[in-house]
Amino acid sequence: MTDNALLDFTDLPRFDLFSPAHVTPAVAQLLDDARRVVAQLEAPEAPVSWEQFVVPLEAVTERLGRAWGVVGHLNAVVDTPELRATYNENLPKVTEFWTELGQNLKLFDKYKALQASPEYHTLSAARRKIVDNAVRDFRLGGAELPDDRKARFAEIQEQQAALATRFSENVLDATNAYELMVDDEARLAGLPDDVKQAARVSAEREGKPGWRFTLHFPSYFPILQYADDRALRETIYRANATKASELGAKPEWDNTANIVELLQLRDEEARLLGYANFAEVSLVPKMASSPAQVIAFLDDLARRARPFAENDLAELRAFAQAELGLDDLQAWDITYASEKLREQRYAFSEQEVKQYFPEPNVVAGLFRLIRNMFGVEIRPDAGPVWHPDVTFYRIEKKGRLVGQFYLDLYARNGKRGGAWMDDARGRKNLPGDVQTPIAYLTCNFTEPAVVDGVKKPACFTHDEVITLFHEFGHGLHHMLTAVDELGVAGIAGVEWDAVELPSQFMENFCWEWDVLQHMTAHAETGEPLPRALYDKMIAAKNFQSGLQMLRQVEFSLFDMHLHYDHEPRGSKTVAEVLAEVRHRVAVVVPPAFNRFQNSFSHIFAGGYAAGYYSYKWAEVLSADAYGAFEEAQGDPNRLAETGLAFHREILSVGGSRPALESFTAFRGREPSIDALLRHNGMNQAGQ
């Protein structure tokens, strides 16, 4: 066994032995190994066949990818000054290698030769897809550029990687640094007891009196949702809306210049590759055929949603004026007034529902659903973890291991906000065996409270339950694959605008009575969710769905226009692009000081550039796919068959065939928008 935890590929990542000091020597060795193998394979005399060319290249690059994946994961979930420093020191080296590889004309020629060879036609469909994807990606990686332009292309990749990291760090630092101390409990009127308790514990940890609130979502959002003190709501709203901007706490955390530079570099990259804009580059490996098609899809959704959104807002303003005395509804009032309206109209609160979703019951209920749908068992497993709160599990089918995953549920300092799934390793054939996939499932929920020295299980809001199911859908896509070829197993090779299909599909089950019965137990009494409360939740399911859909369309159009018809070196600012989009589609316009774009990590640090629309497009796919289960309701045999079909045609095939083919194989036809509109209560108007 090696002394360097990052160089141990025998099984699970060695989080127990990891030290930031391991990163630089491990990266150096893995890059040396990779470059040596590449030099051997690009030699003129090196044979061009799957076994002698693709397999060794894949093996050596997988090791680098797995090791760097551990570093990147830890940098996101347990950020420390030492880890951040070594991550940033090594990021350019790793980026440089991947750029070199993507531009290697000799390897590109060999992939093209393999594609044109008689052997290509004897390969499995999965292997042919890997070869085809490689040829496409070499073109997108600048392999066909002349040498002088290749050098510039490589510089662009390194600069983009560094800027994306800086963007993410600025958001994290601004989030971690902020605190709002409240010393008068009267100002916390309206806040649930568990939120106040968490704020009290947070203050005690810092050795401070009173209650401490931060910009981590479980801390600041309840203020916007419940706090009667309007000034308190405005304070936390303004802090969150201006983080990582010129209006924030520190000039060095301002992402404005990083955004402009990223957009300029992406535009330059596109033009080097012969495309008119970065949106065209982004869409090459996606289902959508052109930026204009995406914009037309989003404009159509906006047109259909707008009447519902206008109605939502009119109702909210009338209620806020009549019941809350808010004649001038401000941005920091909307969430608060919406919660009050929801409570009045449907006679329940989010806080009431939350008491029925303790973490152990939610997780057990999720696992039960997976078992019933896909015929697999999920059991606790043992393995090194990076934090005491992290749990580790294994998935078995007929007693055989098919995948494993880490569950990291709670927000904490040093952990990037949001929720995501990432892969620790993929599925592939080994001599006489199969390497099973491993996933990271990461959320940022409120941590369990400690009351009188006793740790109480965390309770989740229903939205948090939906988030958990969403990320687990990604995990299932990765772990339940039946493809043994690394490049197209699980989520690998799946079009970006289809990758959200399994995750959004899983969200639907959070609204099913039969599912909720098995995952709810009141935190104090242990009673399951009452049917009467469930009925109220269903009645409220599409509460303000018009506003919510328009908000997502707004973000998606902003992203697409930034990368399609915005001139990044022109006089129009990014904020002006966002203002134009809002003028066209939004009914709620945030205040002028709002700097949402400065923390829009999805498109500036998370791989969704010119791809944020994927969430709405995948909702079309997922709602339509879930429709097959709705059609099978009441027939246990048909339901079981539908679950197996979803596993067989969607989850198991991964990226081994086009996503549209997989969807059509499952549904028997191409996708329709009807189910999405119906699920959002929008099938009666706005057509």
Using only atom types and a distance under 3.5 Å, with no angle test, would you say the side chain of Thr525 pairs donor to acceptor with the backbone of His522? no
Over all atoms of both residues, closest heavy-atom pair of Tyr346 and Lys536: O-CD, 3.1 Å
So, does Asn444 use its side chain to make a donor-acceptor pair with the main chain of Gly418 at under 3.5 Å? yes
Tell me yes or no: between the side chains of Asn88 and Glu169, is some donor less than 3.5 Å from an acceptor? yes
Check: Tyr406 ring centroid to Phe15 ring centroid under 6.0 Å: yes
Is the distance between the ring centroids of Trp511 and His462 under 6.0 Å? yes
Does the separation of the ring centres of Phe472 and Phe405 fall below 6.0 angstrom? yes
For residues Phe558 and Tyr612, establish whether the separation of their ring centroids is below 6.0 Å. no
For Pro568, which of His563, Gln264, Arg266 qualifies under side chain to side chain contact (heavy atoms under 4.5 Å, CB included)? Gln264
Side chain to side chain contact (heavy atoms under 4.5 Å, CB included), paired with Thr86, selected from Pro81, Ser19, Pro20: Pro20
Is a donor on one side and an acceptor on the other found under 3.5 Å between the side chain of Asp79 and the backbone of Ala76? no
Flag the pair Tyr615 / Tyr608 as yes when their ring centroid distance falls below 6.0 Å, and as no otherwise. yes
Lys415 and His216: side-chain contact (heavy atoms from CB on, under 4.5 Å), yes or no, with the steps? CA-CA 10 Å; Lys415 183 179 179 183; His216 292 290; 6.0 Å; no
Verify the distance criterion only: is there a donor paired with an acceptor across the side chains of Gln548 and Asn680 at less than 3.5 Å? no
Validation row, ring centre His602 to ring centre Phe555 under 6.0 Å: no
Between Trp386 and Phe18, is the ring centre distance below 6.0 Å? no
Point-to-point distance, once rounded to the nearest 0.5 Å, from CG of Leu232 to CZ of Arg187: 5.0 Å
Answer yes if the side chains of Asn598 and Thr256 hold a donor-acceptor pair under 3.5 Å, and no otherwise. yes
Ignoring hydrogens and geometry beyond distance, is a side-chain donor-acceptor pair present between Thr24 and Asn90 at under 3.5 Å? yes
Please check if the number of heavy atoms outside Asp327 that lie under 6.0 Å from its CG is greater than 12. yes
Does a donor on one side chain sit under 3.5 Å from an acceptor on the other, for His561 and Glu580? no
Looking just at side-chain N and O atoms, do Glu359 and Tyr410 make a donor-acceptor pair shorter than 3.5 Å? yes
Has the side chain of His478 got a donor or acceptor atom that lies under 3.5 Å from a matching backbone atom of Gly475? no
Determine whether the side chains of Glu464 and Thr467 contain a donor N or O and an acceptor N or O closer than 3.5 Å. no
Would you check if there is a donor-acceptor pair between the side chains of Tyr356 and Asn361 at a distance under 3.5 Å? no
Spell out, as yes or no, whether a donor-acceptor pair under 3.5 Å connects the side chain of Asp312 to the backbone of Gly546. yes
Are Tyr87 and Trp68, when compared by the centres of their aromatic rings, separated by less than 6.0 Å? yes
Minimum heavy-atom distance Leu215-Tyr220, with the two atoms named: O-CD2, 3.3 Å
Are Gln544 and Ser338 close enough that a side-chain donor and a side-chain acceptor fall under 3.5 Å? yes
Under a plain distance cut-off of 3.5 Å, with no hydrogens placed, do Ser202 and Arg212 share a side-chain donor-acceptor pair? yes
